Amino acid sequence: MTKVSPSILSADFANLERDLNLIRQSGADYVHVDVMDGLFVPNISIGVPVVQAVRRVTDMPLDVHLMIDRPIRYVEAFCKAGADILTVHLEADTPENTRQALLNIRAMGVRPAICIKPRTPAEAVLPFLELCSLCLVMTVEPGFGGQKFMADMMPKVRTIRQYIEDNHLDCELEVDGGVGVETAPICKESGANVLVAGSAFFKSADKSNFVAELQA
Ligand code: DX5
Ligand code: ZN
């Protein structure tokens with residue numbers, strides 16, 4: 001079954017506990033937490049204290065997406081704050097540091113994950129997948145919720161899925177950006193098994209229905 005990871009970037013930050021409960025009641029699988037530093041992406045969202053606070057009020061797995069420059073500096077802090085999956089961007093540092101960041105995450109007992117932006121080819125991420133528990137393919141330019149889904153990312157998802165199968169890797173494949181009821185089918189067909197949904201989740205009137213449709 002496909003998993004759904006609603007993004008709290010589209011939640012009401014003044015009512016985060018209420019919105020986390022909506023996520024839990026919807027039957028979703030993960031909670032997606034978008035961390036932005038205003039450098040790696042042109043937006044600032046939330047940081048370590050908010051992840052700690054979220055951790056206190058939900059026992060759902062926290063799927064933390066770091067859109068920050070040189071994430072190796074902070075992976076330990078986010079693991080301690082309560083991440084269950086911790087994702088770093090391939091573009092955010094040297095290959096050596098990215099590799100080391102993934103190893104550091106695993107050493108903390110957290111699931112390491114890697115993410116690529118739309119202009120980064122699948123081939124660039126393949127050598128890292130054996131170190132990862134999840135690979136995230138951006139289907140919008142990272143930085144903001146509510147953008148249009150980039151269907152031209154689907155060949156990349158297919159290539160990565162093929163590589164995961166060919167090499168028998170224990171690695172989930174997630175897509176993030178513009179995912180909703182209309183775009184979920186092509187993501188699943190292309191091989192994604194985890195779907196992030198921010199604005200589409202929070203806009204949907206019947207969240208259980210929305211999640212069930214994406215999971216089907
Ligand atoms: C964008 C974030 C996404 C965002 C998705 O940089 O990584 O997780 O919340 O929002 P939607 O689903 O609205 O595109
Ligand atoms: Zn995200």
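We count ligands from 1, going down the list as the structure has it; atoms in each ligand are counted the same way. Position 1 is the first residue of the sequence, and the numbers go up from there. Values below: every heavy atom of this structure, side chains too, minus hydrogens, waters and symmetry copies. None of the values given here were measured: they were computed from a predicted structure.
The protein atom (non-hydrogen) at minimum distance from atom 3 (C) of ligand 1 is Asp176 OD1, 2.9 Å. For atom 13 (O) of ligand 1, the nearest non-hydrogen atom of the protein is Ser199 OG, 2.5 Å. At the shortest separation from atom 14 (O) of ligand 1 among protein heavy atoms lies Gly178 N, 2.8 Å. Taking atom 2 (C) of ligand 1 as the reference point, the nearest protein heavy-atom neighbour is Asp34 OD1, 3.4 Å. Scanning the protein heavy atoms around atom 10 (O) of ligand 1, the nearest turns out to be Gly145 CA, 3.5 Å. Ranking protein heavy atoms by distance to atom 11 (P) of ligand 1, first place goes to Gly146 N, 3.6 Å.
The N, O or S atom of Asp176 with the smallest distance to the Zn ion (ligand 2) is OD2. For the Zn ion (ligand 2), the nearest N, O or S atom contributed by His65 is named ND1. Looking only at N/O/S atoms, Asp34 comes nearest to the Zn ion (ligand 2) through OD1.
Those atoms of ligand 1 that come under 4.0 Å of a heavy atom in His65, given as number and element, are 7 (O). The atoms of ligand 1 that sit less than 4.0 Å from any heavy atom of Met67 are 6 (O), 7 (O). Remark: ligand 1 atoms within the under-4.0 Å shell around heavy atoms of Ala197 are 12 (O). Against a heavy-atom cut-off of under 4.0 Å, Pro142 is close to the following atoms of ligand 1: 6 (O). Atoms of ligand 1 lying under 4.0 Å from any heavy atom of Met138, numbered from 1 in the order shown and given with element: 7 (O). Atoms of ligand 1 found under 4.0 Å from any heavy atom of Gly177 (numbered from 1 in listed order, with element): 14 (O). Taking every non-hydrogen atom of His32 and a distance limit under 4.0 Å, the qualifying atoms of ligand 1 come out as 8 (O).
Nearest heavy atom pair, residue Gly143 against residue Met67, reads N-SD, 4.2 Å. Between Ile72 and Asn97, the shortest heavy-atom contact is CD1-O, 3.7 Å.
Backbone or side-chain N, O or S atoms of His32 reach the Zn ion (ligand 2) at under 2.8 Å.
Within the 4.5 Å cutoff, the side chain of Glu76 has heavy atoms near those of the Met108 side chain. Side chains of Ile85 and Val110 form no contact here, defined as non-hydrogen atoms less than 4.5 Å apart. Between Arg55 and Asp84 there is a side-chain heavy-atom pair separated by less than 4.5 Å.
Between Phe201 and Phe210, the two ring planes are perpendicular [angle over 60°; tilted spans 30° to 60°].
At a 3.5 angstrom cut-off on N or O pairs, Gly198 counts as close to ligand 1.
Judged by distance alone, with hydrogens and angles left aside, the side-chain atoms of Thr183 form a donor-acceptor pair with the main-chain N or O of Gly178 at under 3.5 Å. Side-chain atoms of Glu91 come within 3.5 Å of backbone N or O of Lys117 as a donor-acceptor pair.
Using a 4.5 Å cut-off between side-chain heavy atoms of Ile, Leu, Val, Met, Phe, Trp and Tyr, with links allowed through other members, Val35 and Ile23 fall into the same hydrophobic cluster. Linking Ile, Leu, Val, Met, Phe, Trp and Tyr residues whenever their side-chain heavy atoms come within less than 4.5 Å leaves Val140 and Ile160 in two separate clusters.
The closest approach between any non-hydrogen atom of Gly143 and ligand 1 is below 4.0 Å.
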Check against salt bridge (charged side-chain N to carboxylate O under 4.0 Å, His left out), Glu172 and Arg111: CA-CA 11 Å; Glu172 297 201 286; Arg111 294 174 56 190; 2.8 Å; yes

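Contacts with ligand 1 closer than 4.0 Å are made by side-chain heavy atoms of Ser7 only, the backbone lying farther away. Residue-level proximity to ligand 1 for Phe144 is carried by the backbone, the only part with a heavy atom below 4.0 angstrom.
Salt bridge absent: Glu174 and Lys3 never bring a charged side-chain N and a carboxylate O closer than 4.0 Å.
For the pairing with His65, the side chain to side chain contact (heavy atoms under 4.5 Å, CB included) check across Val88, Val33, Asp176 returns one residue only, Asp176.
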